[in-house]
Protein chains: 2
Amino acid sequence: MINPLVMFLARRDDLSADEIAAIETLTLNHQEIKAGGAMIRQGDRPHSSILILEGFAARAHYLADGKRMISALHIPGDYVDLHSLLLDQMDHDVTAVTDCRIALTGHPEVRRVTERMPHLARLLWLSTTIDAAMHRAWIVALGRMSPLSHMAHFLCEMYVRLNVVGHTSDYNFRLPITQIDLADMLGLSVVHVNRTLQDLRATGYVTWAGASVSIKDWNALREVAQFDPVYLNLQKHPR
Amino acid sequence: MINPLVMFLARRDDLSADEIAAIETLTLNHQEIKAGGAMIRQGDRPHSSILILEGFAARAHYLADGKRMISALHIPGDYVDLHSLLLDQMDHDVTAVTDCRIALTGHPEVRRVTERMPHLARLLWLSTTIDAAMHRAWIVALGRMSPLSHMAHFLCEMYVRLNVVGHTSDYNFRLPITQIDLADMLGLSVVHVNRTLQDLRATGYVTWAGASVSIKDWNALREVAQFDPVYLNLQKHPR
DNA sequence: CGCTTTATTGACCCGAATCAAGTAGAGTGG
DNA sequence: CCACTCTACTTGATTCGGGTCAATAAAGCG
């Protein structure tokens, strides 16, 4: 089983043997989290960073009236809170959407590696800037796309990201999230998510039953979503 | 005139004299951009990074049907595309909302400084993670807040950010953006922005005439906006 | 002082929320 | 093995927030 962070980074730039070894060392301390459990809570001041090895996790923000918004969905290979190395205090929760296996790394250790290996440091920095780029794509979709396009965009993004870490085969992948979660990612009501999902299925471009997604017509889906993967920085070159 | 990036960073951590000098050296090459002009265009592969010294700039994304969405508003002290150091290609425009003075720094030079000064490198990294945190706050507001709360939140954020770089006096500041820009930041129509703005004025918590904003009741505005500045990482401590 | 851009207002309409019920599975325990 | 429960999913009816269209007023500004 290859470390998904290695896959994530190696897709974007060549990694030296030393760098791969450093990543392996950073991600030795494993832990299991049950679905629904919290990895990080609002108000925490983490002293270690969390990498997802298996499973899905969501960044959840709660408003005063109990409304929830999910600002990101994280998958294997994502450093969920690398930035906690730099930030004061978490302003939101990160919760396991499915059972997860994670790797914990103490901040001092992360810092030591980044100071010793500037190129690897840049790649970790890169991973946080890709997070920011995904946030921007979500902002655009929330602000100016129809629910149908937004949902299609979400599926395109998930397909590409899961593909990078080896979690797709052909155009099939597992996406074990509820319509409730999806509603809180798209900023819609559950009812409307359900109806939009039916519209999307009706196009025939994609099937989604239970946790199994299958993209039947990638180009058509891309078209609906106006999806351009540039923001995911999939080009491999020296960084 | 103090370098606004120094103000931005010095608010979050102590800077050594060497670090301040390095920042000054990085930001020597000034340039003027007229309102409406492009700093960066979608598709560009920048080989230098842009810091805003004076003025406002917006990250603008255009959809196929001509709709525009603004994913971020940048102010003096913001490194608008520090991340272009790491990314392939810009997937959006950055345009001057007002006349701007910017500083350009070649990527090799930025890289050299980050490799030589790991602490300063971390602070620059921090600035990009604060961008990401602001993106998340916008996602939450777009997805789950009422237009009135969203607008109030936007004003709270702008006040705090402008305050950090010395562009406020008491609760007054200049915010020279049109309702058209605002609509594209809030994901609303111009008409509705106009009406929401009237509702906000009607509360009496804030006045906004032309480019002049004045917050009359900060606590009440914060309340409406459910604004908690934690995500802006204003605490000063070693990073 | 025209000309263009921005701000404002009103009428109308539609997309998505809300409310309310009902269905379907997946566990769980007797 | 079946009743019970809990959660997720689905559907219909109704409401309402916000979009669209259209016209006018008010600034800027060359």
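Just so we're on the same page: letters track the sequence lines, and every chain starts at 1.
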*Using the side-chain contact (heavy atoms from CB on, under 4.5 Å) rule, take B:Asp78 and B:Arg161 through it: C-alpha gap first, then chi angles, then the decisive distance, then the call.*
CA-CA 10 Å; B:Asp78 285 357; B:Arg161 290 170 62 197; 2.8 Å; yes
*Does the pair A:Asp228 and B:Asp91 meet the rule for a side-chain contact (heavy atoms from CB on, under 4.5 Å), with working shown?*
CA-CA 8 Å; A:Asp228 181 344; B:Asp91 69 318; over 6 Å; no
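The main-chain N or O of B:Ala64 is found under 3.5 Å from a side-chain atom of A:Gln226 such that the two form a donor-acceptor pair.
For A:Leu142 and D:dG18, the CG to P distance is 15 Å, given to the nearest whole Å.
Counted within 6.0 Å of CD on A:Glu223, heavy atoms from surrounding residues, nucleotides or ligands total 12 or fewer; the atom is thus considered open. Environment of NE2 in B:His47: sparse, with no more than 12 heavy atoms of neighbouring residues, nucleotides or ligands closer than 6.0 Å. Remark: B:Arg201 CZ is packed, more than 12 non-hydrogen atoms of other residues, nucleotides or ligands lying under 6.0 Å away.
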Interface polar pairs with nucleotides 27-29 of chain C, N/O, under 3.5 angstrom:
none

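Toward the 5' end of DNA chain D, the nearer of the two residues A:Gly210 and A:Arg144, judged by each one's closest nucleotide, is A:Gly210.
For the pair B:Arg12 and B:Phe8, the cation-pi test (distance below 6.0 Å, angle within 45°) is passed.
For DNA chain C, the neighbouring residues in residues 178-199 of chain A, judged by any heavy atom under 4.0 Å, are A:Gly187, A:Leu188, A:Ser189, A:Val191, A:His192, A:Arg195.
A:Leu53 places none of its side-chain heavy atoms less than 4.5 Å from the side chain of A:Pro76.
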